[in-house]
Amino acid sequence: MEEDKKDNQQESSFGEISGGKDTEDLVKERSSDQREALSGEPSCVICGRYGEYICDETDDDICSMECKQVLLLRLAKSQKPLDRPPAVRLPTTDECFYVRDGVNETEYQCLSGYQIESLRRKIEIKVKGESVPPPILSFSSCNLPEKIQHNLELAGYEIPTPVQMQAIPAALIGKNLLVSADTGSGKTASFLVPIISRCANFRLKYPSDRKRPLAMVMEPTRELCVQVEEQAKLLGKGLPFKTALVVGGDAMAKQIYRIQQGVELIVGTPGRLIDLLTKHDIELDEVSVLVLDEVDCMLQRGFRDQVMQVFQALTQPQVLMYSATIPPEVEKMANSIAKDLVFVSAGKPNRPNESVKQVVIWVESKQKKQKLFDILMSKQHFMPPVVVFVASRLGADLLSEAITVTTGIRALSIHGEKPMKERRETLKLFLTGEVSVIVATGVLGRGVDLLRVKQVIVFDMPNSMKEYVHQIGRSSRLGEEGTAIVFVNEENKNLFRELVEVLRSSGAAVPRELANSRYTMASYSAGRALKKRKHG
Ligand SMILES: Nc1ncnc2c1ncn2[C@@H]1O[C@H](COP(=O)(O)OP(=O)(O)OP(=O)(O)O)[C@@H](O)[C@H]1O
């Protein structure tokens with residue numbers, strides 16, 4: 001055994017893997033690749049598995065590259081206690097800011113690489129990137145200001161959700177992040193908590209009269225901005241942490257005045273933020289954290305140029321990007337925007353939340369209205385409050401009126417053409433239970449937290465499965481069960497293949513017409529033909 005160890009040590013000098021070797025000769029990368037130590041065998045000083053190698057720098061028994069890195073990190077820390085992963089950029093030149101704001105050192109040090117891996121597996125977290133800190137198990141383990149912890153408790157946040165467990169510590173040490181996690185899984189707090197913590201700590205440490213904004217969150221819709229700002233206020237209560245909302249539909253002068261009075265966080269839509277940047281004298285040079293929420297939507301044509309314009313006006317901020325759906329092209333773009341990006345994925349991204357029961361019904365277009373009325377008038381099927389998603393603004397107005405007239409149920413519409421004040425009022429009536437049906441376009445499809453909603457009706461299928469995932473996600477928050485009733489017919493043929501795949505993988509029933517449609521079958525046989533050619 002000792003000889004094996006020496007051979008390995010000489011061949012590889014641990015880390016220098018010589019080419020042309022058989023796979024089994026390669027140094028094990030991860031501690032989870034290594035077997036358990038048998039009795040009498042050397043064991044890894046970090047995780048206790050088989051200590052197959054000797055660390056060339058410390059002479060300790062070690063099982064893998066991963067544990068070697070942990071060992072060296074610990075060593076470096078014990079020699080230079082403040083030598084933490086470098087900050088991306090700070091509002092001042094004080095590098096210690098991150099250090100004090102970072103993850104609890106004791107917790108970080110006592111977890112072995114193997115334990116971290118198995119913890120991540122348990123909470124269904126995957127990470128990609130350099131020096132990613134381990135997940136936190138409680139909000140109290142990352143040195144947050146006491147007031148934030150108190151506010152979290154008041155908000156009923158007893159333990160972090162999986163995405164918060166991993167994203168909060170990584171954001172706190174200044175990592176650029178691309179995070180994908182299910183709808184309703186708590187992504188908002190996972191970027192707000194680190195932002196509030198950093199801003200408040202900074203202000204407490206450097207009180208000054210010139211309070212320029214320190215962080216910025218960009219959202220695709222006004223509703224989302226309002227909601228995120230409200231949550232930020234709630235979690236930042238009692239701290240030197242003020243927010244400003246920068247969205248169309250609200251008086252610009254008021255928004256500018258508020259920013260000039262001194263705020264820490266700006267939450268806004270790209271269009272209004274560009275206005276702010278180009279037409280007004282707002283200094284954004286201290287903004288050191290930028291959040292692109294719903295990043296796949298923000299980097300799509302339509303928003304991308306505006307987002308990039310805002311981004312370029314800032315001085316290399318830490319970038320935190322989030323969505324429940326992140327296609328590969330967005331991953332590529334994200335990589336080009338932010339250096340040394342860390343990827344965090346929680347749950348099953350790009351898939352419908354497992355807590356949402358999908359009930360797909362084949363309904364011809366002419367019968368859709370009647371079908372909807374039948375559902376709304378059925379004691380068994382109607383579970384208010386309900387959001388009905390449609391494709392057009394006019395459709396939303398007409399359908400909400402028709403619902404009220406035909407069923408007697410009070411329904412209102414929300415879409416991008418309605419004034420901001422009316423949109424807010426409608427949402428309030430809906431959330432307080434005075435209105436039980438809202439007919440909405442995509443403006444309500446993403447991100448908006450409609451707490452009491454357990455039923456969504458997709459009256460018109462959206463243009464992409466991504467939007468579908470977001471829309472049906474409105475019916476479930478934090479793993480609570482919800483139902484999505486979805487109308488399909490041949491007009492949605494472009495989505496048939498993907499929809500059938502999603503339904504099958506979620507264990508949902510596929511209507512016969514959908515399963516047997518030539519568009520579903522055609523795309524399947526095309527797929528098979530392609531595979532055959534590739535392999536043949
Ligand atoms: N740790 C927690 N404990 C209890 N409730 C929480 C916690 N974190 C978030 N929540 C609540 O869970 C709900 C969903 O959170 P949030 O809106 O942030 O989800 P999301 O992941 O952003 O969803 P979407 O992709 O749909 O925007 C909210 O009502 C929020 O207040």
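Just so you know, residue 1 is the first one in the sequence shown, and it goes up from there. Indexing begins at 1, ligand by ligand and atom by atom, following the structure's order.
Protein heavy atom in closest approach to atom 30 (C) of ligand 1: Tyr157 OH, 3.2 Å. Regarding atom 29 (O) of ligand 1, its nearest protein heavy-atom neighbour is Asp449 OD2, 2.5 Å. Counting only heavy atoms of the protein, atom 23 (O) of ligand 1 lies nearest to Gly184 N, 2.7 Å. Considering only non-hydrogen protein atoms, atom 19 (O) of ligand 1 sits nearest to Gly186 N, 3.2 Å. In terms of protein heavy-atom proximity, atom 16 (P) of ligand 1 is closest to Thr188 OG1, 3.7 Å. Of the protein's non-hydrogen atoms, the one nearest atom 27 (O) of ligand 1 is Gly447 CA, 2.9 Å. Ranking protein heavy atoms by distance to atom 12 (O) of ligand 1, first place goes to Leu478 CG, 3.2 Å. What sits closest to atom 25 (O) of ligand 1 on the protein, heavy atoms only, is Lys187 NZ, 2.7 Å.
The distance from the CD1 atom of Ile266 to the CZ atom of Arg272 is 12.5 Å, given to the nearest 0.5 Å.
Under 4.0 angstrom from ligand 1, there are no non-hydrogen atoms of Arg446. Heavy atoms of Ile159 found under 4.0 angstrom from ligand 1 belong exclusively to the backbone.
Taking a 4.0 Å cut-off on heavy atoms, Asp182 registers as neighbouring ligand 1. Ser185 counts as a contact of ligand 1, since one of its heavy atoms falls under 4.0 Å from the ligand. Put simply, part of Arg474 is less than 4.0 Å from ligand 1, judged by heavy atoms. Residue contacts with ligand 1 do not include Val163, since none of its heavy atoms lies under 4.0 Å from the ligand.
Donor-acceptor pairing under 3.5 Å is recorded for the side chains of Thr325 and His470. Side-chain contact annotation: Tyr468 with Gln358, donor-acceptor N/O pair under 3.5 Å present. Looking only at atom types and distance, the side chain of Ser190 has a donor-acceptor partner in the side chain of Tyr322 under 3.5 Å away. Side-chain N/O atoms of Ser413 and Lys418 include a donor and acceptor closer than 3.5 Å. Neither side chain, Gln471 nor Arg446, offers a donor N or O lying under 3.5 Å from an acceptor on the other. Checked by atom type, the side-chain pair Arg198/Gln318 shows a donor-acceptor distance below 3.5 Å. A side-chain donor-acceptor contact under 3.5 Å links Thr243 and Glu229.
Taking distance alone, with nitrogen or oxygen atoms compared against 3.5 Å, Ala324 stays at or beyond that limit from ligand 1. Taking only nitrogen or oxygen atoms, main chain and side chain alike, Arg477 reaches within less than 3.5 Å of ligand 1. Of the N or O atoms in Gln227, none lie within a sub-3.5 Å distance of an N or O in ligand 1.
Other residues, nucleotides and ligands place more than 12 heavy atoms under 6.0 Å from the CD atom of Glu329. By the 6.0 Å contact criterion, NZ on Lys147 is open, its count of non-hydrogen atoms from other residues, nucleotides or ligands being 12 or less.
Listed here is the closest heavy atom pair of Leu273 and Val310: CB-CG2, 4.1 Å.
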